[in-house]
Amino acid sequence: MMRSISYAFASTTKRFVRRKIQGKGSPRIAPSSFNLFWERAFSGGYREKLSRNGLSDLKLDEAVDLFSDMVKSRPFPSIVEFNKLLSAIAKMNKFDVVISLGERMQSLGISHNLYTYSILINCFCRRSQLSLALAILGKMMKLGYEPSIVTLSSLLNGYCHGKRISDAVALVDRMVEMGCQPNTVTFNTLIHGLFLHSKASEAVALVDRMAVKGCQPNLVTYGTVVNGLCKRGDIDLALSLLKKMEKGKIEPDVVIYNTIIDSLCKYRHVDDARNLFNEMENKGIRPNVVTYSSLISCLCNYGRWSDASRLLSDMIERKINPNVVTFSALIDAFVKEGKLVEAEKLYEEMIKRSIDPNVITYNSLINGFCMHDRLNEAKQMFSLMVSKDCLPNVVTWGTLIKGVCKAKKVEDGMDLFREMSQRGLVGDTIVYTTLIQGFFQAGDCDNAQMVFKKMVSDGVHPNIMTYNILLDGLCNNGKLETALVIFHDLQKSKMELDVVTYNIMIEGMCKAGKIEDGWILFCSLSLKGVKPDVVTYNTMISGFCRKDLKEEADALFNQMKENGPRPNSGTYNTLIRARLRDGDKAASAELIKEMRSCGFAGDASTISIVINMLHDGRLDKSFLDMLS
DNA sequence: TTAGGGTTAG
């Protein structure tokens, strides 16, 4: 058994703990009388720390020191005291430490009891080491300990977090056979597991079934279900559960309201969210900083700045203090809106209020500088965060890399990528995709493809964005054939292609003169269940115009007006340029009139053609006036 | 002395 447990011990934390619990390297020697005196004097200390108050704010370091003190004292403290300490460490989510200390106890001859085994089973389950948890279960049963409802619920939790939801369901059924009646905690665990495995309807049904089996759903039950439903956008059902819990005399708390309010915001029902906010107030449930942050963030993202600012004043007036999340949400929204000055003011304000910016705050500000091509300031912000012990993450590096790529310095981007890797961070899909795009923009197909290959060999999954950038880059750099090979593989794969992918390929085909292939692909879209958008039509129309297939272009334009997407400025300008190149002044003028009546104007390339034609006398000045 | 869930920002 010792062996089977020990192979779980491999992490750095464990090595750290080993060092600590084994002392400074000297083997344990029989205590001298002075040591005995010293250790007895100590024993009062750990008892005090093990009391309820002492454990509540214990740090990991102190807990490990405490353990060292306990194993030094003679006689050994009781197993109950060890259990209390292990449990406190487990509550810090330091499961590997608990396992390590449990092993140490055994090697010192301190026997485990039912509670110790339950704690260890829970720890192995939380670390997804189900087989080790089962090994412990076998061992304790051999020693004559019957697993309790708590032991079995821990195991159930392990099944739920792994890939074995069917085993979890079976375990609950077997518990009844074993004469161990599942309780509310058991059902709550299983309900959570069902949500983790996308079995929402089974989870909801279980709320009723547990009541039949004599377990009343509680706040935890509803918290689990409401959150699970909101995550998948089932807000109506979540709201009906809110009503149901009120009927069942269970007071919803602010967190449950926050969950639903945030989902309503995310799914664009901001006004419903405001109504629910009022409803909770009327029920006497006070909104907190999370409620406000959620609403403010969404309002900003939808551009409802005045509503957001009203809410901000409202919360401050009510002495609900904005926190780092509130500020970060505001800063990010301002940055995305291009209002870097306001974002910086907010940053100063949070410093003034002694709210420490975190990695998300810094990332937004760095992004702001990059968006305005102020790379030096972005890098200064990067240094600042490092100096404040705020560790840059993959988003930070990705933002900087995107910034330098935008400034056409993809080689610097690669340097940053290497530096990031050296610091132990692994590039994600966005980082690789940014670099691929950077190389294509620099016309460097070879390196772009090299990065793509590296991405795949590094086990990072390309997403549809990656493929769109790859296909677009290949097409724009004269490599249609390579793009086609990838495109055909993609169509056979599980990756869901969006209309953008097809637009890129149609454009690639048209620009390479393969107008018929483009048209065949265009016509196949409806069969694939993809709706061509305005860009698809414009691309195809432009392809026809380029090949001087005016009738086809006009036919498509008419089809668009009848039952396609609304023509935009690009549609009109493409058609107008074709007419101008033909020297068909009357038709051009008519199209320009129609375009203007739709609220669009001539774009840069149309204007430039007109100016050229003015110069060589093919057009008169009135034409230019018509355009804008 | 052992078990369960849920909220905000990139």
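Within every chain, numbering begins at 1; the chains are lettered A, B, ... in the order of the sequence lines, protein sequences first and strands thereafter.
Side-chain N/O atoms of A:Ser293 and base N/O atoms of B:dT8 include a donor-acceptor pair closer than 3.5 Å.
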Can you list, pair by pair, the side-chain donor-acceptor contacts under 3.5 Å of residues 194-207 of chain A, counting residues two or more places apart and other chains?
residue, atom, partner, partner atom, Å
A:His197, ND1, A:Gly193, O, 2.9
A:His197, NE2, A:Gly162, O, 2.9

Check: residues 424-433 of chain A side-chain donor-acceptor pairs under 3.5 Å, at least two apart:
residue, atom, partner, partner atom, Å
A:Asp428, OD1, A:Ile430, N, 3.2
A:Asp428, OD1, A:Val431, N, 2.9
A:Thr429, OG1, A:His461, O, 2.9
A:Tyr432, OH, A:Asp458, OD2, 2.4
A:Thr433, OG1, A:Thr429, O, 2.6
A:Thr433, OG1, A:Thr466, OG1, 3.0

Please output the side-chain donor-acceptor pairs of residues 224-239 of chain A that fall under 3.5 Å, not counting sequence neighbours, one pair per line with the distance.
residue, atom, partner, partner atom, Å
A:Thr224, OG1, A:Val220, O, 2.7
A:Arg232, NH1, A:Asp234, OD2, 2.9

Review item, side-chain donor-acceptor pairs of residues 341-357 of chain A, under 3.5 Å, at least two apart:
residue, atom, partner, partner atom, Å
A:Glu349, OE2, A:Arg353, NE, 2.7

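The structure places CD1 of A:Ile469 at 4.0 Å from CD of A:Gln437, a figure rounded to the nearest 0.5 Å. Considering OG1 of A:Thr399 and CG of A:Leu365, their distance stands at 11.0 Å, rounded to 0.5 Å. Note: A:Asn258 CG to A:Thr291 OG1 = 3.5 Å, rounded to the nearest 0.5 Å.
Atom pair A:Ile261:CD1 and B:dG6:C1' shows a separation of 14 Å (rounding to whole Å applied). With rounding to whole Å, A:Asn358 atom CG is found 8 Å from B:dA9 atom C1'. If you take CD1 of A:Ile296 and P of B:dA9, they are 13 Å apart, rounded to a whole angstrom. Taking atom CZ on A:Phe124 and atom C1' on B:dT2, their separation rounds to 15 Å, with Å as the unit. Atom CG in A:Asp356 sits about 20 Å away from atom P in B:dA9, given to the nearest Å. Atom P of nucleotide B:dT7 and atom CG of A:Leu276 are separated by 16 Å, given to the nearest angstrom. A:Leu295 places its CG atom 12 Å from the P atom of B:dA9, with the value rounded to the nearest Å. One can place CD1 of A:Ile121 at 10 Å from C1' of B:dT2, the figure rounded to the nearest angstrom.
In terms of phosphate contacts, A:Asn367 brings no side-chain nitrogen or oxygen within less than 4.0 Å of OP1 or OP2 of B:dG10.
For the segment residues 332-345 of chain A, the set of residues with a heavy atom within less than 4.0 Å of an atom of DNA chain B comprises A:Asp332, A:Lys336, in numerical order. Residues of residues 307-322 of chain A that place a heavy atom closer than 4.0 Å to DNA chain B do not occur. Near DNA chain B, defined here as any heavy-atom distance below 4.0 Å, the residues from residues 192-212 of chain A are A:His192, listed numerically. Less than 4.0 Å separates DNA chain B from at least one heavy atom of each of the following residues of residues 378-404 of chain A: A:Asn393, A:Val395. Within residues 234-248 of chain A, no residue has a heavy atom under 4.0 Å from DNA chain B.
Residue A:Val335 forms a side-chain contact (heavy atoms from CB on, under 4.5 Å) with just one option from A:Ile366, A:Leu330, A:Asn363, A:Asn367, and that option is A:Asn367. With respect to A:Tyr292, the side-chain hydrogen bond (donor to acceptor under 3.5 Å, both in side chains) criterion is satisfied by exactly one of A:Asn321, A:Asp314, A:Asn323: A:Asp314.
If you check every strand for non-hydrogen atoms under 4.0 Å, A:Asn227 touches sugar and phosphate atoms only. Within 4.0 Å (heavy atoms only), A:Ser153 reaches at least one base atom of the nucleic acid. Looking at heavy-atom distances under 4.0 Å, A:Ser328 makes contact with a base. Using a 4.0 Å heavy-atom criterion, one finds that A:Asn363 contacts the bases of the nucleic acid, with or without backbone contacts as well. As judged by a 4.0 angstrom heavy-atom cut-off over every strand, A:Ile256 is placed among the base-contacting residues.
Scored by the side chain to side chain donor-acceptor pair (under 3.5 Å) test, A:Ser128 finds no partners at all (sequence neighbours excluded). Applying the side chain to side chain contact (heavy atoms under 4.5 Å, CB included) criterion to A:Ala308, with sequence neighbours excluded, gives A:Ile296, A:Leu299, A:Cys300. Listed by chain and number, the residues in a side chain to side chain contact (heavy atoms under 4.5 Å, CB included) with A:Val386 are A:Phe382, A:Pro392 (sequence neighbours excluded).
Listed nucleotides: B:dA3, B:dT1, B:dT7. Nearest to the side chain of A:Asn183: B:dA3.
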